[in-house]
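To start, the structure under review is shown below, and the notes come after it.
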Amino acid sequence: MSIAFISDLHLTPDESALGPRFKHYLSDLASLGIQNLFILGDLFEYWLGDDASEHLGQSDYETILKDFSDIGMAISVLHGNRDFLLGSEFSERTGCVLISEPFLLVTQTCQAVLLHGDSLCTDDIEHQTFRNMVRAPDWQRNFLRKPIIERNKLAQTVRYRSEYGKSIKPLDIMDVNQSAVVDEFNKTNARVMIHGHTHRPGIHRIELNDSDTAYRIVLGDWANGPSAAVLNDNVISLSYGDCREELVLTQ
């Protein structure tokens with residue numbers, strides 16, 4: 001059984017090429033017989049609540065997800081730092097299953113911990129403070145009580161601040177912290193980690209101790225084309241742009 005992984009599509013009507021790109025990718029998966037897809041956060045550029053999908057112009061993307069769910073594709077979605085408000089109504093409309101991180105995926109050949117990735121960027125104190133605030137149930141309830149227009153104004157302000165912050169922060173602060181990665185591995189028996197968020201695709205070898213090795217697979221964003229990983233038996237293939245990397249898992 002083959003399983004596909006993607007993240008950081010940042011779907012928005014402002015980027016008209018993303019919808020057809022996403023639909024074409026799902027069509028390719030279906031033609032290859034791949035019926036299991038994990039979307040590891042930031043499927044949408046931002047999300048104001050399930051009642052605001054039409055206001056944001058995201059309904060067409062929901063239809064794409066529903067069409068492929070209806071033909072038997074099992075689509076699991078993690079919350080990202082942009083779409084952490086995805087909820088049960090979205091799940092009902094699209095047929096997608098919302099999963100919580102860290103999610104442990106267990107197959108016959110692999111145990112992999114799945115994350116969006118921003119929780120690993122512990123050197124970015126400002127982001128971690130914001131993340132803890134907006135993931136709190138009380139904050140989310142209060143935010144979702146506001147009119148959609150007000151929510152949108154607040155979200156736009158945060159987005160602009162975020163973009164400015166990224167332009168002035170050192171790149172290493174916005175990347176994962178290696179100790180946080182090791183700590184996440186140590187919580188499980190998994191020796192493969194798959195995440196997105198950093199937009200720095202690649203396969204990284206992690207030495208946990210003198211005799212234990214793990215691998216961190218980073219998915220790329222979709223700004224210039226699809227980036228995806230596929231687990232097929234004991235091989236994980238990662239593609240981004242014109243690049244392709246493979247990890248062969250030992251039994």
Side-chain angles (χ1 to χ4, degrees), residues 6-23 25-26 37-70 73 75-101 103 115-119 121 124 126-167 174 196-197 199 219 221-223:
I6 59 176
S7 72
D8 297 279
L9 281 73
H10 296 278
L11 294 175
T12 169
D14 297 335
E15 297 291 341
S16 59
L18 288 174
R21 187 177 296 162
F22 182 42
K23 187 174 183 178
Y25 172 76
L26 294 178
L37 172 65
F38 285 85
I39 303 175
L40 304 186
D42 285 2
L43 171 61
F44 296 100
E45 174 65 5
Y46 69 117
W47 193 260
L48 300 175
D50 291 355
D51 60 333
S53 176
E54 188 172 348
H55 176 85
L56 293 179
Q58 305 284 34
S59 298
D60 288 346
Y61 301 131
E62 288 191 333
T63 299
I64 292 172
L65 290 164
K66 182 68 165 66
D67 288 344
F68 283 89
S69 293
D70 284 347
M73 187 173 290
I75 305 175
S76 301
V77 180
L78 272 179
H79 294 103
N81 60 292
R82 300 286 188 129
D83 51 15
F84 52 85
L85 289 171
L86 289 170
S88 59
E89 293 178 25
F90 163 80
S91 183
E92 291 173 5
R93 290 196 299 261
T94 61
C96 296
V97 175
L98 292 173
I99 57 176
S100 300
E101 66 172 6
F103 183 86
L115 304 158
H116 175 56
D118 62 326
S119 63
C121 302
D124 191 343
E126 182 182 13
H127 176 74
Q128 295 304 320
T129 300
F130 176 78
R131 186 181 191 276
N132 290 334
M133 178 183 73
V134 300
R135 298 289 182 122
D138 286 345
W139 185 94
Q140 293 189 3
R141 279 193 294 269
N142 290 332
F143 182 80
L144 292 172
R145 289 192 187 109
K146 300 180 187 295
I148 293 174
I149 298 297
E150 185 178 347
R151 284 182 246 161
N152 198 24
K153 289 180 180 178
L154 290 169
Q156 291 286 355
T157 300
V158 170
R159 287 175 70 206
Y160 295 147
R161 288 179 58 195
S162 175
E163 293 304 315
Y164 174 72
K166 285 191 287 188
S167 70
M174 294 186 291
H197 180 66
H199 298 191
L219 302 166
D221 68 289
W222 280 47

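Values below: every heavy atom of this structure, side chains too, minus hydrogens, waters and symmetry copies. In this chain, residues are counted from 1 in sequence order.
- When all heavy atoms of N81 and R135 are compared, the pair lying nearest together is N-NH2, 4.3 Å.
- Using a 4.5 Å heavy-atom cutoff, the side chains of L40 and L115 are not in contact.
- D221 pairs by the side chain to side chain contact (heavy atoms under 4.5 Å, CB included) definition with D8, H199, A223, not counting sequence neighbours.
- In this pair, F143 and W139 present their aromatic rings parallel. The plane angle is below 30°, not in the 30 to 60° band.
- A distance-only check finds a donor-acceptor pair linking the side chain of N142 to the backbone of D138 [under 3.5 Å].
- Residues D67 and L26 have side chains not in contact (no heavy-atom distance under 4.5 Å, counting atoms from C-beta outward).
- The side-chain heavy atoms of S53 and E89, taken from C-beta on, include no pair separated by under 4.5 Å.
- D14 has its side chain out of reach of E45: every pair of non-hydrogen atoms, C-beta onward, lies at least 4.5 Å apart.
- Residues F90 and E62 have side chains in contact (heavy-atom distance under 4.5 Å, counting atoms from C-beta outward).
- Between Q58 and W47, the closest side-chain pair of non-hydrogen atoms falls below 4.5 Å.
- Shown here for P13 and L56, the closest heavy-atom pair between the two residues is CG-O, 3.3 Å.
- Contact check for R151 versus D51: side-chain heavy atoms found under the 4.5 Å cut-off.
- The aromatic rings of H197 and H116 sit perpendicular to each other, their planes meeting at more than 60°, with 30° as the lower class boundary.
- Screening L43, D83, D42 for a side chain to side chain contact (heavy atoms under 4.5 Å, CB included) with H10, the sole residue that qualifies is D42.
- Y61 is linked by a ring-ring contact (aromatic ring centres under 6.0 Å, His included) to nothing, counting only residues two or more places apart in sequence or in another chain.
- Looking only at side-chain heavy atoms (C-beta outward), K66 and T63 stay at 4.5 Å or farther from each other.
- Remark: the backbone N or O of D118 is not paired with any side-chain donor or acceptor of R131 at under 3.5 angstrom.
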